[in-house]
S.K.: 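Mind having a look at this structure? Questions to follow.
All heavy atoms count here, side chains included; hydrogens, waters and symmetry mates do not. The chains referred to below are lettered A, B, ... by the order of the sequence lines, with proteins before strands, and numbering in each begins at 1.
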Number of protein chains: 4
Amino acid sequence: MKELDDKKSRLLSAAKEVLAEKGLEKATISDIVKRAGMAQGTFYLYFSSKNALIPAIANDLLQTMLHKIKKEQVLSDDIWSFFHKMITVTFQVTNSYKEVLSLCYSGLAIDNTLSEWDRIYNPYYSWLAEIIAKGIEQKAIRQDVDPLVAARMVIGLIESSAEQIYLFNKLDKPLPEHQQDLFTFIHHALEHR
Amino acid sequence: MKELDDKKSRLLSAAKEVLAEKGLEKATISDIVKRAGMAQGTFYLYFSSKNALIPAIANDLLQTMLHKIKKEQVLSDDIWSFFHKMITVTFQVTNSYKEVLSLCYSGLAIDNTLSEWDRIYNPYYSWLAEIIAKGIEQKAIRQDVDPLVAARMVIGLIESSAEQIYLFNKLDKPLPEHQQDLFTFIHHALEHR
Amino acid sequence: MKELDDKKSRLLSAAKEVLAEKGLEKATISDIVKRAGMAQGTFYLYFSSKNALIPAIANDLLQTMLHKIKKEQVLSDDIWSFFHKMITVTFQVTNSYKEVLSLCYSGLAIDNTLSEWDRIYNPYYSWLAEIIAKGIEQKAIRQDVDPLVAARMVIGLIESSAEQIYLFNKLDKPLPEHQQDLFTFIHHALEHR
Amino acid sequence: MKELDDKKSRLLSAAKEVLAEKGLEKATISDIVKRAGMAQGTFYLYFSSKNALIPAIANDLLQTMLHKIKKEQVLSDDIWSFFHKMITVTFQVTNSYKEVLSLCYSGLAIDNTLSEWDRIYNPYYSWLAEIIAKGIEQKAIRQDVDPLVAARMVIGLIESSAEQIYLFNKLDKPLPEHQQDLFTFIHHALEHR
DNA sequence: TATGAATGAGTGTTCATTCAT
DNA sequence: AATGAATGAACACTCATTCAT
């Protein structure tokens, strides 16, 4: 059991590296198993196909992010400092994973595995929606905000900002200032007045 | 000259259809030229490679959107009603092009043609930044807003919302309400107080 | 010992089923052991390779046929009624095994295991040759007939007729009439005058 | 048009050679195109798959045989000398093509392309049936013979005899004597008395 | 004996691209 | 400019077989 998981996660790691280096089209299964130190066939014991890697990596990525954000959540006194941390962490993870991130988007188009993405992102949305709901209760957040819709907007906004910076190198002012702009945007958008 | 352009746009149309139906990987040049009613070799008179299609399609898509938004801009009395129109149009275009849109993201990962995307999106960002700058001058928008950063955030936010709805079918309330939520979010985020 | 034989015959049965359903190329060892309820490796304790299945199945098939025909032989009064029974039984067995039969032919081409086939068919030929020889002695059959050559011709003729009917569905008159035509053909061909 | 046919028949010839030497499983498309002096992809312009070769070869083989037999038919004075020639030609062709012949049988089992075989053999059966029908009219052949059934039996008998000799090397007397035995068998089986 | 995870050689097939016409 | 036959490199995937347990 442990060994199985070990093999699978070794493959996943190798895949992330190779895909980051070569891109989805140019990366071959041969490359991946070579890096993982296994035989070709072994790959297919753990993944049904090359394309099956993408959702697996995306899931791994989001889990990492969620884990880090939840850790920060505990330490946050109020909801606004939590949003601040959320921005910081999202930017960090986006930066670390930037090579793989675009692959995840591209995975979309390979097969239309939209339902997979749903399954992966849904817990993130729901969890943030709850936090926002609490913020509404505590009169920190506008009363007319729909928690789930807001959750999706906030996540979409932070991620698209991070991508513009790290994928497209659109950083034309110091990072802290940029993050501050983003926080202010969200703060004003949601705060109770 | 005209005929050339005609062939090129026929190829582009055919490509959009085929790509929407089959996805980037499964769509073949053969499919595309067959639908366009031409020979294999003709494709290469107008596009340097298969991958060169993606930026071409993306450009086409953004031009369509920009054209429509600019038309609305003229008719808008104030900046807020303009944002409202911008949301509506972006949603419309996203819906029309939803099959092709994810391809554009995927194009990212094929080659790292990020610079292409830059070239395509930059005019859109700059143009909106100017509008926001005017809004700041007119005291409609917060004085501490950075126009270019805000422009990117607004565009990213609207597009990610539209994608969540049309690509992932995340529409759990009537569309007008959803658009209203989005507008309110942006309005609060930017308005001068 | 009994268990071994049990396992081996369970594998053989499973193989016959799977091969009949999928054909030689598409049937996998994995399919076969799964149906037999064993592990991959177990197969190789009883058969040296995948191709070794074919002669084993062919042998099984011919043994079945021989067994049935010999039972009828005992009950036959004269050689002609024996031929009649032989036709009936060959048709029956061909029908029962039709899915596997073509595999046996195909086995031929995989490796050139012609000698295997020899070993399997020879007893059948020799046995029928003896019966024909007796028929000659008894002046029932032409005196100038070569028993072994005739045996092969009769077996080849009956089998090819049965195959045309059951493999190729070439049955354009009632089965009894068809069998009667075949019997008459053989009867005239061999009878003493 | 001519060139196309040329390429296809060059591929067919190369395929016959390679398949005869290596057997169906071991022969690779690469072997075949190399021998034909073309590129891999060219093969697929003329044959949809590797397996599509088998019916093509079988057809070629039967056409050759039919052509030769029909030529002899014209020269034959009576039906019995025609049968004699038919035996000789079938034996010759079986001998020339013996390596490929078993492949044709094996083709059966690969896919269940029985209908293909039907299409290929039917003209042969029909044509012989007509000749037998004439023989019946001319009182050379038994009046109670069903021409089509007899045609199939005769062809099946001659072919199975030839195969036993050339594929299984079951030649235990001089060839002319063997052919004479076969002819006598058929003669007695069909002759009018 | 029995297992089944691991292996890795082996090949059919695809398709973007070219180029002679 | 337009064609479309020909190319051939490139790769995902399969599956018979092995062997440590």
Side-chain angles (χ1 to χ4, degrees), chain A residues 1 3-4 6-8 11 25-34 36-53, chain B residues 1 3-4 6-8 11 25-34 36-53, chain C residues 1 3-4 6-8 11 25-34 36-53, chain D residues 1 3-4 6-8 11 25-34 36-53:
Chain A
M1 187 67 183
E3 244 185 77
L4 285 188
D6 180 46
K7 286 246 164 83
K8 186 165 185 174
L11 278 168
E25 213 169 38
K26 302 240 173 86
T28 67
I29 300 296
S30 170
D31 293 330
I32 293 168
V33 292
K34 226 170 271 166
M38 303 171 199
Q40 290 274 148
T42 309
F43 177 88
Y44 291 90
L45 293 177
Y46 298 97
F47 297 94
S48 61
S49 73
K50 185 186 179 183
N51 287 340
L53 277 173
Chain B
M1 188 62 185
E3 247 184 77
L4 285 190
D6 180 45
K7 287 243 162 94
K8 184 164 187 176
L11 279 168
E25 212 169 38
K26 299 218 177 111
T28 67
I29 301 295
S30 169
D31 292 330
I32 293 169
V33 293
K34 228 172 269 165
M38 303 171 199
Q40 292 270 117
T42 310
F43 178 88
Y44 290 89
L45 296 174
Y46 299 96
F47 296 94
S48 62
S49 75
K50 186 188 179 183
N51 288 339
L53 276 173
Chain C
M1 187 64 183
E3 245 185 76
L4 283 189
D6 179 45
K7 287 244 164 97
K8 183 165 188 175
L11 278 168
E25 212 169 38
K26 298 215 178 117
T28 67
I29 301 295
S30 168
D31 292 330
I32 294 169
V33 294
K34 227 171 269 168
M38 303 170 199
Q40 294 269 119
T42 310
F43 178 89
Y44 291 88
L45 295 175
Y46 298 98
F47 296 94
S48 61
S49 75
K50 184 187 181 182
N51 289 338
L53 276 173
Chain D
M1 187 65 185
E3 248 184 75
L4 288 188
D6 179 45
K7 286 248 164 82
K8 184 166 187 174
L11 277 168
E25 215 170 35
K26 303 242 174 87
T28 66
I29 300 296
S30 169
D31 293 331
I32 293 169
V33 293
K34 228 172 268 167
M38 302 171 200
Q40 291 270 138
T42 310
F43 178 88
Y44 291 90
L45 292 177
Y46 298 97
F47 297 94
S48 61
S49 73
K50 186 186 180 183
N51 287 339
L53 277 173

S.K.: Please tell me which of Phe43(D) and Lys50(B) maps to the more 5' nucleotide of DNA chain E, matching each residue to the nucleotide holding its nearest heavy atom.
M.R.: Phe43(D)
S.K.: Please state how far atom CD in Glu25(D) lies from atom P in dG12(E), giving the value in whole angstrom units.
M.R.: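 Answer to the nearest Å: 10 Å.
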S.K.: Take the protein atom NZ of Lys26(C) and the nucleotide atom P of dC15(F), then report the distance between them rounded to whole Å.
M.R.: 10 Å
S.K.: Can you tell me the distance, in whole Å, between the NZ atom of Lys34(C) and the P atom of dA2(E)?
M.R.: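 To the nearest whole Å, that distance equals 20 Å.
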S.K.: Within this structure, what is the CD1-to-C1' distance between Ile29(D) and dT7(F), rounded to whole angstrom?
M.R.: 16 Å
S.K.: In terms of side-chain heavy atoms of Ala39(A), which of dT7(E), dT11(E), dT17(E) is nearest?
M.R.: dT7(E)
S.K.: Is Ala52(B) touching bases, backbone alone, or none of the nucleic acid, heavy atoms closer than 4.0 Å?
M.R.: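 Touches nothing.
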S.K.: Please report the interatomic distance CZ(Phe43(A)) to OG(Ser49(A)), rounded to the nearest 0.5 Å.
M.R.: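 Those atoms lie 7.0 Å apart.
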S.K.: Given that both distances must come in under 3.5 Å, which nucleotide forms a Watson-Crick or G-U wobble pair with dG8(F)?
M.R.: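 Pair assignment: dG8(F) / dC15(E).
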S.K.: Starting at CG of Leu11(B), measure out to CG of Leu53(B) and round the result to the nearest 0.5 Å.
M.R.: 8.0 Å
S.K.: Ignoring backbone atoms, establish whether Lys7(C) has a side-chain N or O less than 4.0 Å from OP1 or OP2 of dT1(E).
M.R.: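 No.
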S.K.: Would you say the base of dT17(E) and the side-chain of Gln40(B) have a donor-acceptor pair closer than 3.5 Å?
M.R.: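 Under the 3.5 Å cut-off, the side chain and the base do form a donor-acceptor pair.
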S.K.: Whole-Å distance between dT17(F) C1' and Leu53(C) CG?
M.R.: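 Going from CG in Leu53(C) over to C1' in dT17(F) covers 14 Å.
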S.K.: What's the OH-P distance between Tyr44(B) and dG4(F), to the nearest Å?
M.R.: 16 Å
S.K.: Could you grab the distance from atom NZ of Lys7(B) to atom CG of Leu45(B), nearest 0.5 Å is fine?
M.R.: 9.0 Å
S.K.: Quick one: Ile32(A) CD1 to dG8(E) P, roughly how many Å, whole number?
M.R.: 18 Å
S.K.: For a quick test of reading the model: is some side-chain N or O of Tyr46(C) closer than 4.0 Å to OP1 or OP2 of dA2(E)?
M.R.: yes
S.K.: Assign each of Ser48(A) and Met38(D) to its nearest nucleotide of DNA chain F by heavy atoms, then name whichever residue's nucleotide is nearer the 5' end.
M.R.: Met38(D)
S.K.: Write down the atom of Lys26(D), the atom of Asp31(D), and the distance for their closest heavy-atom approach.
M.R.: O-OD2, 4.0 Å
S.K.: With both distances under 3.5 angstrom, what nucleotide forms a Watson-Crick or G-U wobble pair with dA9(E)?
M.R.: dT14(F)
S.K.: Using Watson-Crick or G-U wobble geometry with both distances under 3.5 Å, which nucleotide pairs with dA20(F)?
M.R.: dT3(E)
S.K.: Could you check how far CZ of Phe47(B) sits from P of dC15(E), rounded to whole Å?
M.R.: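 Rounded to whole Å, this separation is 20 Å.
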S.K.: Is NZ or CZ of Lys8(B) both nearer than 6.0 Å to the six-membered ring centre of Phe47(B) and within 45° of the ring axis?
M.R.: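 Positive - Lys8(B) is close enough to the ring of Phe47(B) and near enough to its axis.
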S.K.: If you assign Leu45(B) and Gly41(D) each to the DNA chain F nucleotide with the nearest heavy atom, which residue ends up on the more 5' nucleotide?
M.R.: Leu45(B)
S.K.: Checking all strands, does Thr42(A) fall into the base, sugar-phosphate, or nothing category for heavy-atom contacts under 4.0 angstrom?
M.R.: base
